[in-house]
Protein chains: 2
Amino acid sequence: MATGWQDIHDEALRRIQSRDWLPGALIPNEAALAREFGCARATVNRALQSLANAGWLERRRRAGTRVTLSPQRRAQLAIPLIRQEIESKGQIFSHIIISRQNATMPSPQRAALGLQDAPNAQHVQTLYLADARAYAFEDRWINLAAVPDFVAAPLDRISPNEWLVQNAPFAHGTLDYSAAPAGTAAPHLNCQPDTPLMILERRTFGLDAPVTHVRLSYAPNFHLHLKI
Amino acid sequence: MATGWQDIHDEALRRIQSRDWLPGALIPNEAALAREFGCARATVNRALQSLANAGWLERRRRAGTRVTLSPQRRAQLAIPLIRQEIESKGQIFSHIIISRQNATMPSPQRAALGLQDAPNAQHVQTLYLADARAYAFEDRWINLAAVPDFVAAPLDRISPNEWLVQNAPFAHGTLDYSAAPAGTAAPHLNCQPDTPLMILERRTFGLDAPVTHVRLSYAPNFHLHLKI
DNA sequence: GACTCAATTATGTCTATACATAAACGTAAT
DNA sequence: ATTACGTTTATGTATAGACATAATTGAGTC
């Protein structure tokens, strides 16, 4: 009998998906499964933890393990590093800096980053290209108090996005996808101001301080694709 | 010394985020870390596996463990069970069936589900409401060959989405978010036909056969919010 | 019936040990 | 050089045993 934890994982998943184990129902405990599969309890534990982690099972001490009632499946969304997004499609990535200047950060961005005062900031507008065709337009504010070196970043050679990924350690952030008219991004993306575009707003925070606020307007027909 | 695997996980993550361990660099091997933390290798293994799983580390046999070069962070997106989406905001969920009829599935949906022939299908249009305000408009095709019982589903009491979640075991599917004009969904969502909306297209497959194709048009100002 | 508290139990985790396996390394043969 | 092959090494995984911890159960009490 093949009794790697993966095999137990797969068999348990099969029982869940085939409704052998019904949603909400208790499944046999670890000791029983270990007996059934002829392996140690730790091996069963590993398999079930993995399934719980993926959202198929809910486990509580003493109460046992049950199949998740509404299997609110989770999709993993890889955070778009635009270069990879483009190159993974076999296209050539490039970028153009539209504008770059120091300025005080405007209120909306300050609020989004939770900044009380108006720190020195740099405002960069970038156009990302896939095979020389407009892919996305980026409007970015960088908090220079968090990454002072950014003023010296050679943005002609490396995109703001990549420079920050490589040089600014970061802990967490938020993403916000929405739909909106192209507006001022229209001329850069070769569309009409009222063309619906997918918008990504991203806030990034370092270990201590807010780092950057980005509004990314994707070219028309962009799709955010996920598998579950 | 507190040496649960979580503690080791946290300390390792701290070293990554603080650039104590630089991107791309090798980190000490499990035996060395076990010595440092005064615990068994298995405990270190658990911590590092967890970090690798989350995308912070890359591990290869014999080659050791290194910090991911471009920490392509992953966000976990909970698949929208609309009821939960609405109720989690403290609003009251309800739905209205706009239309429901048997028909042969049209080509675009057939193609999306990879169906060769045109099986019997049911077409359901549903409006989802949050506190009696339009939240999303759903246009759904169900492959009756996969879930024949659907014809008897009491959709006045339970939404198509929920009925399928509860009654159709499913294995996998795809999600596609995009931006598009409201079009024919406009009157249901109280907006203009050219208002930009967030569109979710979902394909769901059972263990054997394709189950359903859904096009969901969210009301204006919908945001898909993720944390990383 | 309502409440308290101890016994029970399923999962959570750690340990020491062992062996499996992939991949890098070094050496020897071509 | 290049190739082939055995050695070394770091991770992957299994095991038995032990104790920790949360939570339900149930017995005893008011």
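Letters go in sequence order (proteins before strands), and every chain restarts at 1.
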*Reckon B/Arg41 touches a base, only the sugar-phosphate, or nothing at all at heavy-atom distances under 4.0 Å?*
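The residue B/Arg41 makes base contact.
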Is the closest basic N to carboxylate O distance between [X] and [Y] below 4.0 Å?
X: A/Arg41; Y: A/Glu30; value: yes
X: B/Arg110; Y: B/Asp117; value: no
X: A/Glu87; Y: A/Lys89; value: no

Roughly, in whole Å, what's the span from [atom1] in [X] to [atom2] in [N]?
X: A/Arg59; N: C/dT9; atom1: CZ; atom2: C1'; result: 14 Å
X: A/Arg61; N: D/dT25; atom1: CZ; atom2: P; result: 18 Å
X: A/Arg35; N: D/dT15; atom1: CZ; atom2: C1'; result: 17 Å
X: B/Leu26; N: D/dT11; atom1: CG; atom2: C1'; result: 13 Å
X: A/His9; N: D/dA14; atom1: NE2; atom2: P; result: 13 Å
X: A/Leu57; N: C/dA10; atom1: CG; atom2: P; result: 17 Å
X: B/Glu30; N: C/dT15; atom1: CD; atom2: C1'; result: 15 Å
X: A/Gln6; N: C/dT21; atom1: CD; atom2: C1'; result: 15 Å

Shortest side-chain distance from [X], nucleotide among [options]:
X: B/Arg60; options: D/dT24, C/dA24, C/dT13; result: C/dA24
X: B/Asn45; options: D/dT13, C/dT15, D/dT15; result: D/dT13
X: A/Arg62; options: D/dT15, D/dT9, C/dA10; result: C/dA10
X: B/Gln49; options: C/dT8, D/dG12, C/dA24; result: D/dG12

Worksheet item: So which one's nearest nucleotide on DNA chain D is more toward 5', B/Asn29 or B/Ala42?
Response: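 Its nearest nucleotide being more 5', the pick is B/Asn29.
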5'-most contact on DNA chain D (nearest-nucleotide basis), A/Thr43 vs B/Pro28, goes to B/Pro28
inquiry  = Within the 3.5 Å criterion, strictly below it, is a donor on A/Thr212 or A/Arg140 matched to an acceptor on the partner's side chain?
reply    = yes
Subject >> Side-chain donor-acceptor pair present, B/Gln6, B/Arg46, cut-off under 3.5 Å >> reply: no
